[in-house]
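Below, each value reflects all heavy atoms present in this structure, side chains not excepted, and no hydrogens, waters or symmetry copies.
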Amino acid sequence: RRFWGWLNAVFNKVDYERIQAVGPDRAASEWLLRCGALVRYQGYQKWQQDYNGLPTGPLGKYKIEAINATDSCIMYRGFDYLDGLEHVTEIKLQKCIYIQDACLQRLSETKNLQKSLLQLRIISCGNVTDKGILALHKLTNLEYLYLSDLPGIREKETTVHVLQQALPNLELELDLE
């Protein structure tokens with residue numbers, strides 16, 4: 001078990017030179033696919049899931065529009081890859097064992113995501129608590145938030161109330177016990 005944790009940490013190590021060399025979208029695509037997530041590019045319907053099949057073309061041609069991190073090993077350590085992404089409108093975090101409050105805090109403090117992110121789904125991420133959900137209030141353009149199977153959320157009514165006060169245009173869908 002410790003070996004896999006170490007390997008996942010290696011997969012999440014940010015290569016700033018690579019970001020400079022190939023651009024933020026390509027570098028983030030490589031990181032996400034390496035960790036088992038899927039990406040969808042602007043203007044495309046198909047999800048990219050094969051690291052070796054990453055599209056090539058002129059620098060900046062493929063812009064990440066959506067991220068599906070279901071069952072992936074993305075963790076806080078790799079979140080610097082998100083900084084340069086300007087077109088992400090949708091993120092799904094499902095069964096991500098390394099996603100915790102600090103990750104959601106970091107997500108909500110990412111300037112480009114504050115502008116572009118419209119939909120966020122957080123499902124079955126056992127390390128997420130009320131604190132992480134409350135941190136999402138900085139995603140001021142968020143239109144839709146789906147929360148499901150999050151046992152770390154203990155103060156559901158309070159958390160929902162605070163979030164809806166901060167983001168009055170947010171459609172919040174809950175499937176929490």
Side-chain angles (χ1 to χ4, degrees), residues 4-5 8-9 11-14 19 24-25 27-40 47 64-177:
W4 292 112
N8 290 334
F11 283 162
N12 278 277
K13 187 175 186 316
V14 178
I19 295 171
D25 288 273
S29 294
E30 292 171 357
W31 164 60
L32 289 161
L33 294 179
R34 207 172 36 242
C35 290
L38 309 176
V39 296
R40 193 179 69 230
W47 287 91
I64 298 175
E65 179 178 64
I67 297 168
N68 180 344
T70 300
D71 287 318
S72 74
C73 69
I74 65 169
M75 60 179 64
Y76 185 87
R77 183 176 190 180
F79 273 45
D80 283 5
Y81 279 112
L82 300 174
D83 289 340
L85 304 181
E86 298 178 357
H87 305 281
V88 176
T89 60
E90 193 180 321
I91 295 177
K92 181 178 183 180
L93 303 171
Q94 182 171 358
K95 297 181 186 169
C96 299
I97 61 171
Y98 298 109
I99 293 297
Q100 56 207 27
D101 294 342
C103 299
L104 298 182
Q105 178 97 35
R106 176 71 172 79
L107 197 73
S108 69
E109 290 172 353
T110 303
K111 294 292 181 212
N112 286 327
L113 292 179
Q114 288 175 348
K115 295 177 194 146
S116 69
L117 193 62
L118 303 176
Q119 296 182 21
L120 179 59
R121 289 170 178 77
I122 305 171
I123 305 159
S124 303
C125 295
N127 295 318
V128 170
T129 71
D130 300 273
K131 183 181 175 192
I133 300 304
L134 289 171
L136 300 175
H137 78 277
K138 294 180 181 172
L139 295 171
T140 52
N141 286 325
L142 198 62
E143 295 173 353
Y144 177 79
L145 177 62
Y146 178 73
L147 303 174
S148 175
D149 186 27
L150 300 171
I153 295 185
R154 305 251 191 262
E155 304 289 332
K156 183 173 77 171
E157 289 78 18
T158 306
T159 299
V160 165
H161 178 74
V162 170
L163 207 52
Q164 287 179 323
Q165 292 289 102
L167 303 170
N169 297 323
L170 179 68
E171 179 189 337
L172 186 55
E173 191 175 339
L174 303 173
D175 181 13
L176 302 171
E177 287 306 310

Report the C-alpha distance between Leu104 and Leu93 in whole Å, list the side-chain angles of each, state the deciding distance to 0.1 Å, and finish with yes or no for side-chain contact (heavy atoms from CB on, under 4.5 Å).
CA-CA 10 Å; Leu104 298 182; Leu93 303 171; 3.9 Å; yes
Apply side-chain contact (heavy atoms from CB on, under 4.5 Å) to the pair Glu86 and Lys115, showing each step before the final yes or no.
CA-CA 8 Å; Glu86 298 178 357; Lys115 295 177 194 146; over 6 Å; no
Working note: Leu147 + Val128, criterion side-chain contact (heavy atoms from CB on, under 4.5 Å); need CA distance, chi angles, decisive distance, verdict.
CA-CA 10 Å; Leu147 303 174; Val128 170; over 6 Å; no
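Checked against side-chain contact (heavy atoms from CB on, under 4.5 Å), Asp80 has the following partners two or more places apart in sequence or in another chain: Val14, Tyr16, Asp83, Arg106. Applying the side-chain contact (heavy atoms from CB on, under 4.5 Å) test to Asp71 and every residue at least two apart in sequence or in another chain returns Lys95. Under the side-chain hydrogen bond (donor to acceptor under 3.5 Å, both in side chains) criterion, Arg34 pairs with no residue, sequence neighbours left out. The side-chain contact (heavy atoms from CB on, under 4.5 Å) check on Glu65 picks up Arg40, Gln42, Thr89, with sequence neighbours excluded. Ser72 pairs by the side-chain hydrogen bond (donor to acceptor under 3.5 Å, both in side chains) definition with nothing, not counting sequence neighbours. For Gln94, the side-chain hydrogen bond (donor to acceptor under 3.5 Å, both in side chains) test picks out Lys92, with sequence neighbours left out.
Distance check, rounded to the nearest 0.5 Å: NE2 of His87 to CG of Leu117 gives 14.0 Å. Rounding to the nearest 0.5 Å places CE of Met75 at 7.5 Å from CD1 of Ile97. How far CG of Leu85 is from CG of Leu32: 8.0 Å, rounded to the nearest 0.5 Å.
When all heavy atoms of Ser29 and Val39 are compared, the pair lying nearest together is OG-CG2, 4.1 Å. Closest heavy-atom contact between Asn12 and Ile74: OD1-CA, 3.5 Å. Between Ile64 and Ala28, the shortest heavy-atom contact is CD1-CB, 3.9 Å. When all heavy atoms of Ala69 and Cys96 are compared, the pair lying nearest together is O-SG, 3.0 Å. The two residues Ser108 and Leu136 come nearest to each other via the heavy atoms CB-CA, 4.0 Å. When every heavy atom of Cys103 is checked against every heavy atom of Tyr98, the shortest pair comes out as SG-O, 3.8 Å.
Here the side chains of Leu145 and Leu139 are not in contact, with every heavy-atom distance at 4.5 Å or above. Taking 4.5 Å as the limit, every side-chain heavy atom of Leu82 sits out of range of all side-chain heavy atoms of Val88.
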Only pairs under 3.5 Å count here: list side-chain donor-acceptor contacts from residues 153-170, not counting sequence neighbours, and write none if there are none.
residue	atom	partner	partner atom	Å
Arg154	NH1	Pro151	O	2.8
Thr159	OG1	Asp130	OD1	2.6
Thr159	OG1	Glu155	O	2.9

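Relative orientation of the Trp31 and Phe79 rings is perpendicular, given thresholds of 30° and 60° on the angle between their planes.
Sorted by first and then second residue, the pairs that involve residues 134-151 and meet side chain to side chain donor-acceptor pair (under 3.5 Å), not counting sequence neighbours, are Glu109-Lys138, Ser124-Asp149, Tyr144-Glu173, Ser148-Asp175.
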